[in-house]
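All remarks here apply to the structure that follows.
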Amino acid sequence: MSSPPEALQPTHYIGIGASAGGLEALQDLFANTPSDSGVAYIVVQHLSPDYKSMMPELLSRHSTMPIQQVTDSTELLADHIYLMPPRNNMMIADGKLLLTDAVPQSQPPMPIDFFFKSLAQNYAHRAVGIILSGTGSDGTRGVKSLKEAGGMVIVQEPDSAKFDGMPRSAVNTGFADLVLEASEIGASLVNYFKHPLIAGNTPKDHEDDDDNQIYEEIFSLLKKQSSINFSQYKASTVARRIERRLSINQLNGLNAYHRLLLESPKELHTLSKELLIGVTRFFRDEAMFEYIQGKVVPELVKGAMARDQSLRIWVAGCSTGEEAYSLAILFKEYIEKEDLDCKVSIFATDVDSNAIAEASTGLYAEDIQFDVNPERLEKYFEPRPGGFQIMRSIRESVIFATHNMLEDPPFSNIDLVTCRNVLIYFQQGAQKRVLSSLFFALRYKGFLWLGPSESMGDLKSHFDQISERNKLFQKVSNQRVPIGTHPPGLTLPGRPSSQLTMQPFSSSSRASKNINHGALSAVQERLLREFVPASIVLNESFDAVHVYGDVAQFVRPIGAGKVSNNINDMIHEDLSVAVSTALYRCEKCQEDIFYTDVTLSDGEGKSHSIDLSVFYIRSGERDSPLGSVSYVLQFQVNQTDQESDERYSTTFDAAESSRQRIMDLEAELVKKQEHLQVTIEELETTNEELQSANEELMSANEELQSTNEELQSVNEELYTVNSEYQEKISQLTEVNDDLDSVINATNIGIVFLDESLAIRKFTAVANQYIHLLDTDIGRPFHHQSHDLKYDELINDIAHVSNSGEMIEKAVYTKDDTAVLVRILPYRNSGGRISRGIVLTLTNISRQRFVEAALEKAQSQLRSVVLEGSEQLALERNRKGIRVMLLEDDDVDQQRMKRMLQSSGRDYKITLCSTIDEAVTCVGNQEFDIWLLDYRLPGGTVGDFLERIGEHSTPGILMSGYVETDLEPGFLEAGVYDFLNKDELTAELLVRSIDFALERKKVQRVIDGEGLTD
């Protein structure tokens, strides 16, 4: 089948999920939705498999759009409404709706989730999901899939829904773009589709430098609000989501949206959440988890036990924690199954602090039962009101923390890192930085698990690809890869380092300078090697991130066990006081610190004088929240013939510095103690309040238990009533089916009118006389045209409605078909007459034709009876009667021939001795009468009559048998008389011939053929 023309193809695909109470919501929605929006509406409901849905008829009164119940491979057209049939699940692909049989299962069906997932996969940002009234949580998981794909989500205001279960569950996900009453959804959709950015009326090259500046200001606002630098995210993704928020708020440009963000913290929070695509679930991509369970988990556990160390796992970008807990369950299952003693530590991090807070509680909604099999759900989850909570032992194995992969340092000595579906949202430079951080975090032979659309890029040579389908890699290189895309360059004191900024929205790029980057890099490496003293670059947490020169004599040797890159753990014991003091002063004063005459002992017992410098470096503007702080710790051994620059340096007095440092630490300790005391008092107060609240909750819980028992009793009563109603409905359905069958069998057109003479119902036969369509139900009857020659039809209907007296008339249609019209008052089940009307139309053309034929036949028969003697006399005078004599006895042949010739009549006689001869004669010529012997060679006269089949020639049977001995039925097959050969005379034979010919004549008159000459 070819695709529909472009003008009929929908611009967007609207999936609408509804359940209990959804009919009213759907009617409100479509009654207020224009029919020319250019989109396709697909309605998915929870339908009973045993009852025919009346949804098409009910919705047709509220929308002029064509409404169609879906069949398999239904082509989608714009401005059409499609309804899912019962006993099916539905999905969408390539502009068609595909049906699959709903499989009966113990858990409740989720057809809305099933359809929304396929809608998200196939149409992404062209998809819209709408959740209307219903119970349960169907649609919640589908909403998450739509948001992950960039689609739009609209939810009915829960307070306006007849049943708020589904809308409230969808709202609680935090992914709803709009929460509106059903009557407001249609207008909001149309406004959204008409917005220039959505309709595609805005040129693609409309961005200019002003827009770029506005984007940077928006990023700055987001940074202050969420501490996340979204300028590192993919430009197309960020732009599309900002444009959609702009369209939803019906704003005309970036300036207007920027002002809205300044004025509305709620919109700023919504945009931040929109950009953080925090969509995940338990055991997401089940086949991949099965692979990890079978291949990776055993190897990691055995490796950790061989090293006698705990197993360390890092889940980067964990969102609300489902993936971290899924891995914890896998490892716990294996360790318990093998009866091993292995500690597992899972570090789960995400940049979204709200998601981390939610993940730490381990509380999840009821819909996780569709992702977790019943055995695991029972074993590792505890039921809670409205959902489930991860058991305590699993929660304790997972450590959640807020962490920015683009800016914060990674973990170290990790056995397994999972970073799935995170890199796809970053620019290429940011992806490289994250991947190098993950490489740094992994121990040798550690595993890295990425998302289906992600790859290793430039680090591919450092990994073995264990599973291409599952995107699982193993680290096979110990080569040092700097954290970040490039090693950080050394910045001179007092001069801020340059920062690469993102310019993703410019329509044109500046011409790049003609610089030989390869040569410049070589020059920088030579300068650093020749002139830069031994230095260690530190981040804000004083962790070492890069080293220049040989710093071996200034740091401790690396020993066995866990390795820390914090400078306090790395620095030589002789330099620890000086370094910690200098870093403390540098951080506090935000200025460079220089110490001279710091003593350092080598392994041979000699002492050296060291010049120690700490440079404070902030990238970006000093007051900008986007900037980051770094420290450069520089060491230089003093030579005896060199003097240090005393203008900037300070002679290091270890004793004095130690005393000063101790005083500072004591002052800080006093402040911390005071703060701790205040915190303890606040906690005690809070604890008392919590105890009081807990007592109130216990009391409320007892009341709820009592209420629950009462509700259970009411529920049982309702179930009984519902069963009775279902039985009554079944009976009524059966009676209704019988009535429909009777009506259809009568082949009578019937039209039911209500008290206002509007059409309530009609049968298909009525369409032959009155022009009716399914959409005419509810319209006044006098609006309909008809083919009846019955000008007083409307007046007679009104008369019957007022008087209650039946009217019956026989009329004709425009093509002269006779119709009997009966107009009767409607009688209800009690026999009482209501003000309704029943109009019946019966085709009586055949009856009229039969009546006319009977009258004609009666007239002709009367003529035959009255004028019979005259007709008979005419026949007797007729000459040349053709006679076929079928007789096998030669004596009887000659006897009968003489009888006929002696009668004075002119008979043309043809003699036949066998059945075959007679059949041949009948086939070659016509006869007026047959004279037939009963017993013939090879059979009887019955065989002859059977072979010639249907005929109109009268016959006379002759035999030596009596009539009672013959087979019955011969006289009914065109044999009009019987003659006994022993009693046969010429007069009897002639009279029998005349009788047969006259009877044939009367039969022809009765049959309507008329008299012949």
Side-chain angles (χ1 to χ4, degrees), residues 861 864 868 871-872 874-876 878-1007 1009 1012:
L861 184 60
V864 170
Q871 293 291 334
L872 185 59
L874 291 174
E875 291 294 334
R876 287 175 178 173
R878 174 183 290 180
K879 306 298 183 180
I881 299 176
R882 296 164 295 181
V883 179
M884 181 189 76
L885 175 60
L886 176 58
E887 174 63 60
D888 61 329
D889 188 276
D890 294 338
V891 175
D892 287 341
Q893 280 187 359
Q894 295 302 321
R895 177 186 172 201
M896 293 179 191
K897 184 176 180 180
R898 287 195 302 271
M899 287 182 182
L900 293 174
Q901 292 174 347
S902 64
S903 64
R905 300 279 186 93
D906 183 12
Y907 292 103
K908 296 181 179 180
I909 304 171
T910 300
L911 299 177
C912 297
S913 300
T914 64
I915 294 175
D916 292 338
E917 290 179 6
V919 172
T920 302
C921 290
V922 171
N924 295 331
Q925 58 183 309
E926 294 183 359
F927 295 95
D928 296 317
I929 195 165
W930 297 333
L931 300 179
L932 307 171
D933 186 17
Y934 175 72
R935 184 66 63 183
L936 297 167
T940 65
V941 71
D943 298 314
F944 166 72
L945 295 174
E946 182 178 354
R947 288 181 61 180
I948 64 175
E950 185 177 353
H951 64 91
S952 60
T953 305
I956 298 174
L957 185 62
M958 300 177 298
S959 176
Y961 298 100
V962 296
E963 184 177 355
T964 56
D965 295 332
L966 304 180
E967 296 181 12
F970 286 153
L971 297 179
E972 299 176 2
V975 178
Y976 288 177
D977 201 1
F978 170 79
L979 299 176
N980 192 309
K981 288 183 179 181
D982 297 336
E983 301 174 355
L984 187 63
T985 64
E987 292 78 6
L988 181 59
L989 180 59
V990 171
R991 190 164 53 248
S992 179
I993 292 173
D994 290 341
F995 167 76
L997 293 175
E998 188 63 25
R999 182 177 172 184
K1000 180 63 178 176
K1001 175 71 69 176
V1002 174
Q1003 183 66 42
R1004 292 174 62 185
V1005 172
I1006 294 174
D1007 292 339
E1009 299 180 14
T1012 58

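Everything numeric in this text was worked out from a predicted model, so none of it was measured.
- With sequence neighbours left out, R898 forms a side chain to side chain contact (heavy atoms under 4.5 Å, CB included) with Q894, R895.
- Contacts of T910 classified as side-chain hydrogen bond (donor to acceptor under 3.5 Å, both in side chains), with partners at least two apart in sequence or in another chain: none.
- The side chain to side chain contact (heavy atoms under 4.5 Å, CB included) test applied to Q901 returns K897, not counting sequence neighbours.
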field: I909 vs L900, side chain to side chain contact (heavy atoms under 4.5 Å, CB included): CA-CA, chis, key distance, verdict
entry: CA-CA 9 Å; I909 304 171; L900 293 174; 3.6 Å; yes
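- In this structure D892 satisfies the side-chain hydrogen bond (donor to acceptor under 3.5 Å, both in side chains) test together with K981, sequence neighbours excluded.
- With hydrogens and angles disregarded, a donor-acceptor distance shorter than 3.5 Å links the side chain of D928 to the backbone of R882.
- S902 pairs by the side chain to side chain contact (heavy atoms under 4.5 Å, CB included) definition with A986, not counting sequence neighbours.
- Q925 CD: more than 12 foreign heavy atoms inside a 6.0 Å radius.
- Taking CG from L957 and CZ from F978, the interatomic distance works out to 6.0 Å, rounded to the nearest 0.5 Å.
- Taking CG from L885 and SG from C921, the interatomic distance works out to 11.0 Å, rounded to the nearest 0.5 Å.
- For the pair R991 and L988, the minimum side-chain heavy-atom distance is below 4.5 Å.
- Looking at residues two or more places apart in sequence or on another chain, you find no side-chain hydrogen bond (donor to acceptor under 3.5 Å, both in side chains) involving K908.
- Every residue two or more places apart in sequence or in another chain that forms a side-chain hydrogen bond (donor to acceptor under 3.5 Å, both in side chains) with D916 is listed here: R947.
- With rounding to the nearest 0.5 angstrom, the CE atom of M958 is 11.5 Å from the CG atom of N980.
- Partners of Y907 according to the ring pair (Phe, Tyr, Trp, His ring centres under 6.0 Å) rule, which considers only residues two or more places apart in sequence or in another chain, do not exist here.
- The shortest distance between side-chain heavy atoms of L997 and I881 falls below 4.5 Å.
- With rounding to the nearest 0.5 angstrom, the CH2 atom of W930 is 11.0 Å from the SG atom of C912.
- Under the 3.5 Å distance criterion, the side-chain polar atoms of Q893 are matched with a main-chain donor or acceptor of E887.
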message: Under the criterion side chain to side chain contact (heavy atoms under 4.5 Å, CB included), I'd like the reasoning laid out for L989 against L931: C-alpha separation, chi angles, the key distance, then a yes or no.
response: CA-CA 10 Å; L989 180 59; L931 300 179; 4.2 Å; yes
task: Might you work through the side chain to side chain contact (heavy atoms under 4.5 Å, CB included) test for T940 and D943, ending with a clear yes or no?
output: CA-CA 6 Å; T940 65; D943 298 314; 4.0 Å; yes
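- Here the CG atom belonging to D933 is positioned 5.5 Å from the CG atom belonging to D888, to the nearest 0.5 angstrom.
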